[in-house]
**Q** 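Have a look at this one before I ask anything.
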Amino acid sequence: MSFRTDRFGGAELVPFPRRTPSAAASEHPLPVLIVLHQESSTPGRVGNALRALGHHLDIRRPRFGDPLPDTLDRHAGAVVFGGPMSANDPDDYVRREIDWIQIPLREQRPFLGICLGAQMLAMQLGARVAPHAQALTQIGYYPIRPTAAGRALCADWPAQVYHWHREGFQLPSGAELLAEGDDFPIQAFRTGNAFGVQFHPDVTYAMMHCWTTRGYDGLSAPGARERHHHFADRAVYDAAERVWLDRFIDGWLAYRPVLAQAAE
């Protein structure tokens with residue numbers, strides 16, 4: 001089943017509101033649903049940012065039998081992370097997870113897809129997910145360019161961000177492009193309260209060590225950066241990506257579109 005909507009196409013957008021961790025904590029915020037795809041995966045820096053705002057993390061791994069909720073009424077939002085699998089895989093848990101994304105879309109709950117999670121969101125919205133036509137990958141740091149819409153929504157986008165993927169996706173019909181790139185043009189998009197980013201702002205220093213060790217064979221793929229460049233580039237670009245992530249997560253959870261008033 002596929003759920004598509006353009007109900008937000010006429011929304012009047014406002015910039016992300018700003019909150020402070022102390023204010024968020026005083027409100028006893030709801031937990032955030034975290035969807036991971038490997039036994040050893042963690043929510044990394046995204047989890048740290050959410051905890052700093054006072055949110056508990058409800059971690060689920062559907063691949064290993066954890067159920068996903070029938071509603072997000074008891075959650076502040078949901079984040080679907082990356083993984084080595086493809087949104088095109090025929091596995092039942094992949095299909096069920098893509099179908100499940102209709103729930104935050106229908107309920108207008110904050111949703112964030114990271115890499116594979118963004119590809120799943122794009123597929124749920126009817127867009128095509130596929131490898132690069134020249135079999136290029138993005139493994140390491142690569143530049144992105146925020147669009148006018150992206151800058152209006154969230155300031156201070158980083159010049160380069162960390163990637164680890166072999167597939168990209170089309171911009172879903174009715175979605176708004178927030179950031180673009182070169183070999184993989186769609187880097188961030190929004191539809192309603194749902195956001196997808198192709199890159200990995202969640203990666204900590206420890207995670208980078210793990211990925212570049214266990215996934216070392218991927219570093220020889222066309223377009224991939226050599227391992228030492230990952231750490232050299234992190235020293236240059238990571239501070240800006242970390243600042244952007246904290247601001248993005250804060251605004252994303254508080255974000256509400258102002259829907260166009262229905263004609264009388």
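Throughout, numbering of the chain's residues begins at 1 and tracks the sequence. Please read these numbers as outputs of a predicted model, since none were measured by experiment.
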**Q** Check the side chains of Glu180 and Thr147 for a donor-acceptor pair under 3.5 angstrom, ignoring hydrogens and angles.
**A** no
**Q** Which pairs with one or both residues in residues 194-216 pass salt bridge (Lys or Arg N to Asp or Glu O under 4.0 Å), sequence neighbours excluded?
**A** none
**Q** For the pair Trp157 (side chain) and Gly150 (backbone), establish whether a donor and an acceptor sit closer than 3.5 Å, ignoring hydrogens and angles.
**A** yes
**Q** Testing the basics here: between Arg145 and Gly181, what is the closest heavy-atom pair and its distance to 0.1 Å?
**A** NH2-O, 3.4 Å
**Q** Below 4.5 Å, heavy atoms only, C-beta onward: do Leu53 and Pro29 meet side chain to side chain?
**A** no
**Q** Determine, using the 4.5 Å side-chain heavy-atom cutoff (strictly less than), whether Val79 and Trp244 are members of one ILVMFWY cluster.
**A** yes
**Q** I need the minimum non-hydrogen distance between Pro172 and Ala122, along with the two atoms involved.
**A** CG-CA, 3.9 Å
**Q** Quick one: do Arg95 and Asp89 satisfy salt bridge (Lys or Arg N to Asp or Glu O under 4.0 Å)? Show the steps, please.
**A** CA-CA 8 Å; Arg95 300 294 100 201; Asp89 287 348; over 6 Å; no
**Q** Could you walk me through whether Asp58 and Arg74 pass the salt bridge (Lys or Arg N to Asp or Glu O under 4.0 Å) test, one step at a time?
**A** CA-CA 11 Å; Asp58 179 4; Arg74 297 184 179 181; over 6 Å; no
**Q** Quick check for you: to the nearest 0.5 Å, what is the distance between Ile249 atom CD1 and Leu112 atom CG?
**A** 5.5 Å
**Q** Roughly how far, to the nearest 0.5 Å, is the CD1 atom of Ile144 from the CZ atom of Phe199?
**A** 4.5 Å
**Q** Going through the checks in order, is the side-chain contact (heavy atoms from CB on, under 4.5 Å) test met by Val161 and His200?
**A** CA-CA 7 Å; Val161 291; His200 276 283; over 6 Å; no
**Q** Looking at side-chain heavy atoms only, is the closest gap between Leu105 and Leu125 below 4.5 Å?
**A** yes
**Q** Near His56 NE2, under 6.0 Å, is it more than 12 heavy atoms from other residues, nucleotides or ligands?
**A** no
**Q** For a quick test of reading the model, state the closest non-hydrogen atom pair linking Ala175 to Phe189 and the distance between them.
**A** CB-CD1, 3.8 Å
**Q** For Glu167 and Ser86, test the side chains for any donor-to-acceptor distance below 3.5 angstrom and give the result as yes or no.
**A** yes
**Q** Report yes if the side chains of Leu116 and Val80 come closer than 4.5 Å at any heavy-atom pair, otherwise no.
**A** no
**Q** Hey, does Leu177 have a side-chain heavy atom less than 4.5 Å from the side chain of Gln187?
**A** no
**Q** Measuring from atom CZ of Phe111 to atom CG of Leu121, what distance do you get when rounded to the nearest 0.5 angstrom?
**A** 5.5 Å
**Q** Between Ile34 and Leu50, is any pair of side-chain heavy atoms under 4.5 Å apart?
**A** yes
**Q** Are Leu136 and Ile186 connected, step by step, through hydrophobic side chains (Ile, Leu, Val, Met, Phe, Trp, Tyr) whose heavy atoms are closer than 4.5 Å?
**A** no
**Q** Can you pull out every salt bridge (Lys or Arg N to Asp or Glu O under 4.0 Å) where at least one residue sits in residues 218-238? Sequence neighbours excluded, please.
**A** Arg45-Asp238, Arg234-Asp238, Asp238-Arg242
**Q** Using a 4.5 Å cut-off on heavy atoms from C-beta on, say whether the side chain of Thr137 contacts that of Arg166.
**A** yes
**Q** Would His132 and Gln138 count as a side chain to side chain donor-acceptor pair (under 3.5 Å) here? Give the steps.
**A** CA-CA 10 Å; His132 190 275; Gln138 285 187 319; over 6 Å; no
**Q** For Phe195 and Leu178, run side-chain contact (heavy atoms from CB on, under 4.5 Å): C-alpha distance rounded to whole Å, both residues' side-chain angles, the deciding distance at 0.1 Å, then the answer.
**A** CA-CA 9 Å; Phe195 293 76; Leu178 301 179; 3.7 Å; yes
**Q** So, do His75 and Pro69 sit near enough that their side-chain heavy atoms are less than 4.5 Å apart?
**A** yes
**Q** I need the minimum non-hydrogen distance between Met123 and Ala87, along with the two atoms involved.
**A** SD-O, 3.4 Å
**Q** Working to the nearest 0.5 angstrom, can you tell me the gap between Leu68 CG and Asp99 CG?
**A** 11.0 Å
**Q** If you group Ile, Leu, Val, Met, Phe, Trp and Tyr whenever their side-chain heavy atoms sit less than 4.5 Å apart, what else falls in with Trp211?
**A** Ile139, Tyr141, Tyr162, Trp164, Val203, Tyr205, Met207, Met208, Tyr216, Leu219, Phe231, Val236, Tyr237
**Q** Between Glu97 and His37, is any side-chain donor less than 3.5 angstrom from a side-chain acceptor?
**A** yes
**Q** When you measure from the side chain of Arg109 to the backbone of Asn193, do you find a donor-acceptor pair of N or O atoms at a distance under 3.5 Å?
**A** no
**Q** Let me see the working for Gln198 and Gln119 under side-chain contact (heavy atoms from CB on, under 4.5 Å), right down to the final yes or no.
**A** CA-CA 8 Å; Gln198 179 66 87; Gln119 294 166 6; 3.2 Å; yes
**Q** Can you tell if the side chain of Arg63 reaches within under 4.5 Å of the side chain of Leu36, non-hydrogen atoms only?
**A** no
**Q** Between Phe184 and Phe169, does the ring centroid distance fall short of 6.0 Å?
**A** no
**Q** If you round to the nearest 0.5 Å, how far is NE2 of His55 from CG of Leu33?
**A** 13.0 Å
**Q** Is there a path of hydrophobic side-chain contacts, each under 4.5 Å between heavy atoms, that joins Leu57 and Leu245?
**A** yes
**Q** Counting only heavy atoms from other residues, nucleotides and ligands, does the tally under 6.0 Å from CG of Asp73 exceed 12?
**A** yes
**Q** Backbone N or O of Gly192 within a donor-acceptor pair of the Arg190 side chain at under 3.5 Å?
**A** yes
**Q** Taking a hydrophobic cluster as the set of Ile, Leu, Val, Met, Phe, Trp and Tyr residues connected by side-chain heavy atoms closer than 4.5 Å, whether directly or through intermediates, do Ile114 and Tyr142 fall within one such cluster?
**A** no
**Q** Enter the distance from Leu72:CG to Leu30:CG here, rounded to the nearest 0.5 Å.
**A** 10.0 Å
**Q** Under the criterion side-chain contact (heavy atoms from CB on, under 4.5 Å), I'd like the reasoning laid out for Arg61 against Gln38: C-alpha separation, chi angles, the key distance, then a yes or no.
**A** CA-CA 7 Å; Arg61 292 177 170 85; Gln38 294 181 282; over 6 Å; no
**Q** If I compare all heavy atoms of Ala224 with all of Gly218, which pair ends up nearest, and what's the gap?
**A** CB-O, 3.6 Å
